[in-house]
Amino acid sequence: LFNEEAFRNVISNGLVFDENGEKMSKSKGNTADPFELINKYGADTVRWYMMSNSSPWENLKFSEDGLKEVQRKFFNTLVNTYSFFAMYANIDGFKYSGSQIPTNERPEIDQWVISRLNTTIKTVEAFLEDYEPTKAAREIEDFVEELSNWYVRRNRRRFWKEGNTLDKTAAYQTLYECLKSLSKMISPIAPFMGEWLYQNLNKVTGLEEESVHISFFPTVEETAIFKKLEHKMDMARLISSIVLRIRNQIEMNVRQPLARIILPIKDEAERAAIESVKDIILEEVNVKDIQFVDDDSGIVHKSAKANFPVLGKKLGPKMKPVAAKIGQLSTDEITQFEKSGSLEITLDDGETIRIDEDGLEIVRTGLEGWQVETERGLSVAVDTELSSELKLEGFAREFVNRVQSMRKEADFDVVDRIKIGFTGSEELKEAVVSMNEYIKTETLSEEIKFENLDVSDFVKEWEIGEEECKISIRRTVNT
């Protein structure tokens with residue numbers, strides 16, 4: 001009609017198979033009723049699962065377990081993040097009525113999450129423009145995980161501390177801005193959840209349009225993107241993740257402090273980046289110090305084995321003797337191989353075989369008293385030896401955990417202040433005395449008595465380590 005194409009882009013949907021990749025049919029009994037699933041999980045969950053699982057033009061292996069995972073890991077995380085914000089914002093009467101605090105005047109952790117927000121907006125918009133909804137959805141999922149499990153978790157104290165300080169206002173504004181932008185980013189795929197989140201935010205602040213679906217997609221603030229900050233925080237998260245995984249492997253609770261971790265990093269710029277987030281890492285994993293070495297040869301034993309899929313095609317019948325020689329490599333030889341990227345193996349008949357970087361699989365095991373893990377090319381060694389001081393601090397942190405559990409069981413409000421009574425062994429008493437101020441701060445306690453309270457709201461017996469104790473708590477009257 002207008003001498004132009006009727007359309008410029010078209011997407012053809014793939015087929016939906018069952019979780020085993022077989023075509024759905026009533027005779028096989030492997031069909032899934034979409035209306036039942038929508039009623040059970042919600043239309044947004046079904047839509048998000050299908051969009052984030054695979055590109056729309058590809059065939060989809062449908063699994064109800066996948067719906068449950070999307071609901072639990074993505075939507076529930078998002079709702080819980082909003083609920084956390086709303087609870088404390090309502091307590092403090094936050095309505096975003098004051099002037100906006102400039103990003104560069106907020107704490108570094110706020111600058112980081114705002115940078116990540118803008119990077120995510122930029123990436124998601126580009127993917128949507130390129131008809132890549134799956135990649136867009138996964139970017140949003142990554143940001144929600146970072147927002148909840150790093151930003152919110154690490155900044156809880158800023159929200160629950162008393163008074164309305166500039167720091168607390170910065171935290172509220174930052175989290176509000178992230179949630180507001182998320183409501184807009186998710187709305188093309190999850191229109192109902194996007195509108196619910198948007199309305200809950202906007203009915204208090206009144207800063208936005210009537211509906212998320214008539215609002216503009218969030219704009220990117222290029223000046224708020226700090227790639228170096230994102231990198232060093234990514235390193236902090238990576239190192240923390242490795243250390244926490246090591247703790248799980250050796251069954252050592254994160255409440256038990258450890259002496260040090262060692263990082264074999266030679267690059268000065270990388271060391272400086274990690275040094276700048278050192279305090280964050282130490283607090284996150286409950287370790288006292290980070291030390292650097294040029295390589296990991298002094299903290300791990302290395303062994304190597306041949307990468308058969310790679311070398312087998314190249315070496316043929318020589319594979320077996322080469323594999324035997326590789327298995328005899330020493331830690332020093334493997335370290336040298338990692339530096340140079342190749343090595344030469346001399347067979348018994350005098351022939352020399354060159355092995356490149358992809359020809360070896362290196363296995364690291366910690367020396368006695370050390371535990372080592374490697375991820376994304378970074379090795380982390382954890383000193384697992386416990387001094388008496390570390391053990392006492394571990395007891396004190398476990399004590400805090402028990403009191404916090406009792407506060408929850410007694411249905412105390414998050415701002416209620418308490419008194420604590422305690423009876424137990426001398427070792428536990430020593431631990432509580434040595435960490436008295438820390439315990440009082442963490443539990444909102446005004447006083448700790450080393451006896452049972454005469455009048456208490458809740459009493460419970462506990463086992464901390466191998467020590468038994470009795471803890472009593474009483475809510476104090478706020479004046």
Side-chain angles (χ1 to χ4, degrees), residues 234-236 238-252 258-275 278 281 285 287-387:
D234 179 58
M235 291 300 296
L238 174 62
I239 293 167
S240 299
S241 173
I242 296 172
V243 175
L244 293 175
R245 188 163 66 245
I246 290 173
R247 280 183 173 276
N248 286 335
Q249 290 172 355
I250 62 176
E251 298 181 345
M252 187 168 290
L258 295 171
R260 57 180 172 155
I261 59 177
I262 290 183
L263 303 175
I265 296 175
K266 194 171 185 178
D267 184 80
E268 289 298 327
E270 199 73 346
R271 285 190 180 189
I274 293 171
E275 276 286 353
K278 178 179 177 179
I281 298 169
V285 300
V287 174
K288 298 300 182 182
D289 193 23
I290 294 176
Q291 297 174 0
F292 294 97
V293 293
D294 288 342
D295 61 63
D296 59 4
S297 57
I299 54 175
V300 299
H301 169 73
K302 299 177 187 177
S303 59
K305 56 183 180 180
N307 187 339
F308 280 87
V310 172
L311 294 180
K313 298 175 184 178
K314 177 181 175 182
L315 300 177
K318 299 174 185 174
M319 181 69 241
K320 189 173 181 180
V322 169
K325 291 286 186 181
I326 289 173
Q328 297 170 7
L329 292 173
S330 67
T331 294
D332 290 341
E333 289 172 321
I334 295 170
T335 298
Q336 185 57 43
F337 164 77
E338 290 177 309
K339 292 177 180 178
S340 64
S342 66
L343 63 81
E344 292 185 343
I345 299 286
T346 302
L347 301 180
D348 293 340
D349 61 4
E351 183 180 359
T352 300
I353 305 291
R354 176 188 169 92
I355 306 295
D356 293 319
E357 206 165 7
D358 59 352
L360 291 191
E361 294 179 5
I362 299 170
V363 179
R364 290 171 168 81
T365 54
L367 302 179
E368 187 175 353
W370 292 88
Q371 196 76 15
V372 180
E373 275 284 314
T374 302
E375 183 179 339
R376 283 166 44 185
L378 176 66
S379 294
V380 178
V382 177
D383 184 351
T384 57
E385 295 291 329
L386 295 179
S387 66

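Quick caveat, the model's predicted, so the values are computed rather than measured. For the numbers below, each heavy atom of this structure counts, side chains included, while hydrogens, waters and symmetry mates do not.
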Those residues at least two apart in sequence (or on a different chain) that pass side chain to side chain donor-acceptor pair (under 3.5 Å) with Glu361 are none
What is the minimum heavy-atom distance between Val372 and Ala381, and which atoms define it?
CG2-CB, 3.8 Å
Take atom CG in Asp349; do more than 12 heavy atoms of anything else shown fall under 6.0 Å from it?
yes
Okay, side chain of Thr331, backbone of Lys302: is any donor-acceptor separation there less than 3.5 Å?
yes
Crowding at NZ, Lys278 (>12 non-hydrogen neighbours, <6.0 Å)
yes
As an exercise, state the distance from CD1 of Ile362 to OG1 of Thr335, rounded to the nearest 0.5 Å.
8.0 Å
Flag the pair Asp234 / Arg376 as yes when at least one side-chain heavy-atom distance between them is below 4.5 Å, and no otherwise.
yes
For the CG atom of Leu311 and the CD1 atom of Ile326, what is their distance to the nearest 0.5 Å?
5.5 Å
Between Asp383 and Arg260, is there a donor-acceptor pair closer than 3.5 Å when you use the side chain of the first and the backbone of the second?
no
Between CD1 on residue Ile261 and CD1 on residue Ile242, distance to nearest 0.5 Å
9.0 Å
Would you compute the distance between atom CG of Asp358 and atom OG of Ser342 and round it to the nearest 0.5 angstrom?
11.0 Å
Hey, does Ile355 have a side-chain heavy atom less than 4.5 Å from the side chain of Val322?
yes
Roughly how far, to the nearest 0.5 Å, is the NZ atom of Lys314 from the CZ atom of Arg354?
7.5 Å
Looking at every heavy atom in both Gly312 and Met319, which two are closest together, and how far apart are they?
N-SD, 3.6 Å
Does Arg271 form a side chain to side chain contact (heavy atoms under 4.5 Å, CB included) with Leu263? I'd like the steps, not just the answer.
CA-CA 9 Å; Arg271 285 190 180 189; Leu263 303 175; over 6 Å; no
Under the side chain to side chain donor-acceptor pair (under 3.5 Å) test, which residues partner Ser241, sequence neighbours left out?
none
Here's a test for you: under side chain to side chain contact (heavy atoms under 4.5 Å, CB included), which of Val380, Val382, Val293, Ile290 qualifies with Ile262?
Val293
For residues Ala304 and Leu329, report the shortest heavy-atom separation together with the two atoms involved.
CB-CD1, 4.4 Å
Counting C-beta onward and ignoring hydrogens, is there a side-chain heavy-atom pair between Leu258 and Arg247 closer than 4.5 Å?
yes
Rounded to the nearest 0.5 angstrom, the CD-CH2 distance for Glu385 and Trp370 is 9.5 Å
Any side-chain heavy atom of Gln336 within less than 4.5 Å of one from Glu333?
no
So, for Ser379 and Pro264, which heavy atoms are closest and what is the spacing to 0.1 Å?
O-CD, 3.0 Å
